[in-house]
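Letters A, B, ... are given to chains in the order of the sequence lines, protein chains preceding strands, and every chain is numbered from 1.
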Protein chains: 2
Amino acid sequence: MRTRKKPTVVDVASRAGVAVGTVSRVINHSEAVSPHTRDAVWRAIAELGFRPNNVARSMRTRVTHTIGFVIPDISNPLFSVIARAAEDTLQNVGYLLNIANSGESLEREVKLIRAFAERQCDGLMFVTNNESDMRMLEALTSSRLPLVALDREIDLPIDKVMTDHARGLRLAVKYLLELGHRRIALINASDRIAPGRERMRGFKEAHSELGLKVDAALIRSGRLDQDFGATQMGALLDLKRPPTAIIAGGNQILVGVLRALQLRDLTVPRDLSLIGCDDTAVTQVFSPPITVVDRDLVQIGRTAAQILIDRLSGQGRGLQPSRALLPTELKIRGSCAPRR
Amino acid sequence: MRTRKKPTVVDVASRAGVAVGTVSRVINHSEAVSPHTRDAVWRAIAELGFRPNNVARSMRTRVTHTIGFVIPDISNPLFSVIARAAEDTLQNVGYLLNIANSGESLEREVKLIRAFAERQCDGLMFVTNNESDMRMLEALTSSRLPLVALDREIDLPIDKVMTDHARGLRLAVKYLLELGHRRIALINASDRIAPGRERMRGFKEAHSELGLKVDAALIRSGRLDQDFGATQMGALLDLKRPPTAIIAGGNQILVGVLRALQLRDLTVPRDLSLIGCDDTAVTQVFSPPITVVDRDLVQIGRTAAQILIDRLSGQGRGLQPSRALLPTELKIRGSCAPRR
DNA sequence: GTGAAAGCGCTAACAT
DNA sequence: ATGTTAGCGCTTTCAC
């Protein structure tokens, strides 16, 4: 079988004995076509094996039915679950999701935003690690794309899907406080991104509401990766007065913490109480199952996607930028014990 | 700031006082442009805020620099790690990855392959759950796209990146046999996909090499999800003669197994020896760390992406379909004990 | 209800 | 070295 040139609307039209415009009307299911010609066109399409070229179509219609998604790392379960939910939502209405990893690099984030804009995608969802960098804001603005920020406090009039991390942390700290813990450590993201700031805020508020001071040595803000979690956990254990409870402000930080504890043969909750953020396979099958500050990741992805769909469908064309604040809850399991 | 129409090459050309062809030469960095006009064009581009429209460009050049990736579920760490590696590799050479989840449905797989073909993506990587379904083969063939199958034995002359699951399973079984186990169970994927068949083959070969029979009741082939793992684990434990060791043929199956054991308060390796397939956060931080049949997922993603890059760059244009067989190894950790 | 024709924004072949 | 022009495959007026 020879790879002959792909048939186009012109080929279909001549085969069906109609004009190209008519072919277009048929494949776009517009009403104004007689049943007879419609059948003739479909027959020609089938005989030729014609498949519309969506690039050409996009060129005319100026819609690509493609959404870009810039994230730090799809292999982080946090993002892969959100991406799955977003993609499902989009796929259901005929959109495709273009996922790109930034590795948290500003340079790559900016490059990717530009790439998505040049490719004329219809909208962009993103999780930046450079929330308030001018180059980031500039790239975002000049893209002229409908934008949805996920869990990042971008100073731009765009749609945002935020999480109430502060509340979750307040609940977590109060719970530990009630168990008698007074030296609670927080290993956290940088305060240059919203989740870091919000978790910190909740952490401090819970303490101050009860008139308690927090020892600055117990707060470790920095990055979200496993290595940071492991390193900081180690450093905390080496303190003259180590904490009796740990809150890991991120699922990767938690894995790092768990590694560090494993290395030192420490057992949860016997030696240390532990609370994680975000409910993953790890927190669920760990023994004992880990108490977590949870949120509905599927809802986050779905919400972000739906916002874009609404904007693009004209439902939400001129509307003010929205701001969803999704809840967190404390899922109490077996990783915390009363202070001895 | 008004959203005036986006500037095109025509606008740039007239502003710079040159022809559109010259603008095209400049933005494509072709040599034949004098430094003077080049500068003038770049200036005009900057002043206008011109950004090339890649849809129009693709229409002419017939390349989109986009690769499609059809997978069952990006939230499965197996696929998200592969996707991350593939995307990194592609991004480095200017490609974007379009990830779509099939949810293992044939209908969605076929629809997505068509969608990618219509959108003129330059190549397609895929993990199908319907390896030998005629409709799948038809969709693949008629897409006329450069194809790379990941870990699936498609009966088509296309590039494949396979894994030597059989060897990994042989090693796992032998290890358990050496520990004295004689009732080893395998909870496995369907034999309708290559990993299922290959794992089964390795499992049986290891037994027969030592002249041992396998009890059919200990082999559970079906699906790759957590529920299947949990259900089958439960059923195995309810056997009159339950197994003393379990091999979970997939990372999600393993999570299901762990859940089932948790439910019955069974401890590994005291009550049961356990081996997983694929090394994830779960197998690493579980206590004890779980012995696994491991493989390099990053290499799988990278290899698949590189194959496509080579084909598209002309390096591997007319070459025969390739078939990579990546190795597996047994990582012995703490989840197996001698039979009591 | 259908045909004819004008582009969408860009690249590439052909002139000059 | 640069200008001119013909499309790429499709949708969408505008006639008829």
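- Rounding to whole angstrom units, CD of residue Glu118(B) and C1' of dG9(D) are separated by 13 Å.
- Using a 4.0 Å cut-off between charged side-chain N and carboxylate O, Arg15(B) and Glu47(B) make a salt bridge.
- Atoms CG (Asp39(A)) and P (dG1(C)) sit 15 Å apart, rounded to a whole Å.
- Side-chain contact check for Met134(B) versus Glu138(B): every heavy-atom pair is 4.5 Å or farther apart.
- Residue Ser24(B) places at least one side-chain N or O under 4.0 Å from the OP1 or OP2 atom of dT11(C).
- Residue Asn54(A) is classed as having no contact, given no heavy-atom separation below 4.0 Å to the nucleic acid.
- Nucleic acid contact for Arg62(B): sugar-phosphate only, since backbone atoms but no base atoms lie under 4.0 Å from a heavy atom of the residue.
- For the pair Ala56(A) and Val33(B), nearest-nucleotide mapping onto DNA chain D gives the more 5' position to Val33(B).
- Taking atom NE2 of residue His65(A) and atom C1' of nucleotide dT11(D), one finds them 13 Å apart after rounding to whole Å.
- Among the protein residues, Ser58(A) comes within range of no part of the nucleic acid, since none of its heavy atoms lies under 4.0 Å from any strand.
- Take the nearest nucleotide of DNA chain C for Val10(B) and for Thr37(A): the residue whose nucleotide is more 5' is Thr37(A).
- Between the side chain of Arg25(A) and the base of dT13(D) there is at least one donor-acceptor pair of N/O atoms closer than 3.5 Å.
- Atom CG in Asp11(B) sits about 9 Å away from atom P in dC10(C), given to the nearest Å.
- Among the heavy atoms of the strands lying under 4.0 Å from Thr61(B) are primed sugar atoms or P, OP1, OP2 only; no base atom is included.
- Residue Val20(B) is classed as a base contact, given a heavy-atom separation below 4.0 Å to a base.
- Comparing Val18(B) and Phe50(A) by the nucleotide of DNA chain D whose heavy atom lies nearest to each, the residue mapping closer to the 5' end is Val18(B).
- At a cut-off of 3.5 angstrom, the base of dG7(C) holds at least one donor-acceptor pair with the side chain of Arg60(A).
- Put simply, CZ on Arg57(A) is 18 Å from C1' on dG7(C), counting in whole angstrom units.
- Atom CE of Met59(B) and atom C1' of dA12(C) are 15 Å apart (whole Å).
- Phosphate proximity of dT2(C) to Ser34(A): present, with a side-chain N or O under 4.0 Å from OP1 or OP2.
- As a whole-Å value, the separation of Asn28(A) CG from dT12(D) P is 7 Å.
- Atom CG of Leu90(B) is separated from atom CD of Gln306(B) by 8.5 Å, given to the nearest 0.5 angstrom.
- In this structure, CE on Met136(B) lies 4.0 Å from CD on Glu109(B), to the nearest 0.5 angstrom.
- Residue Lys5(A) has its side chain nearest to dG9(D) when only dC10(C), dG1(C), dG9(D) are considered.
- A salt bridge between Asp88(A) and Arg108(B) is present, with a side-chain N of the basic residue lying under 4.0 Å from a carboxylate O of the acidic one.
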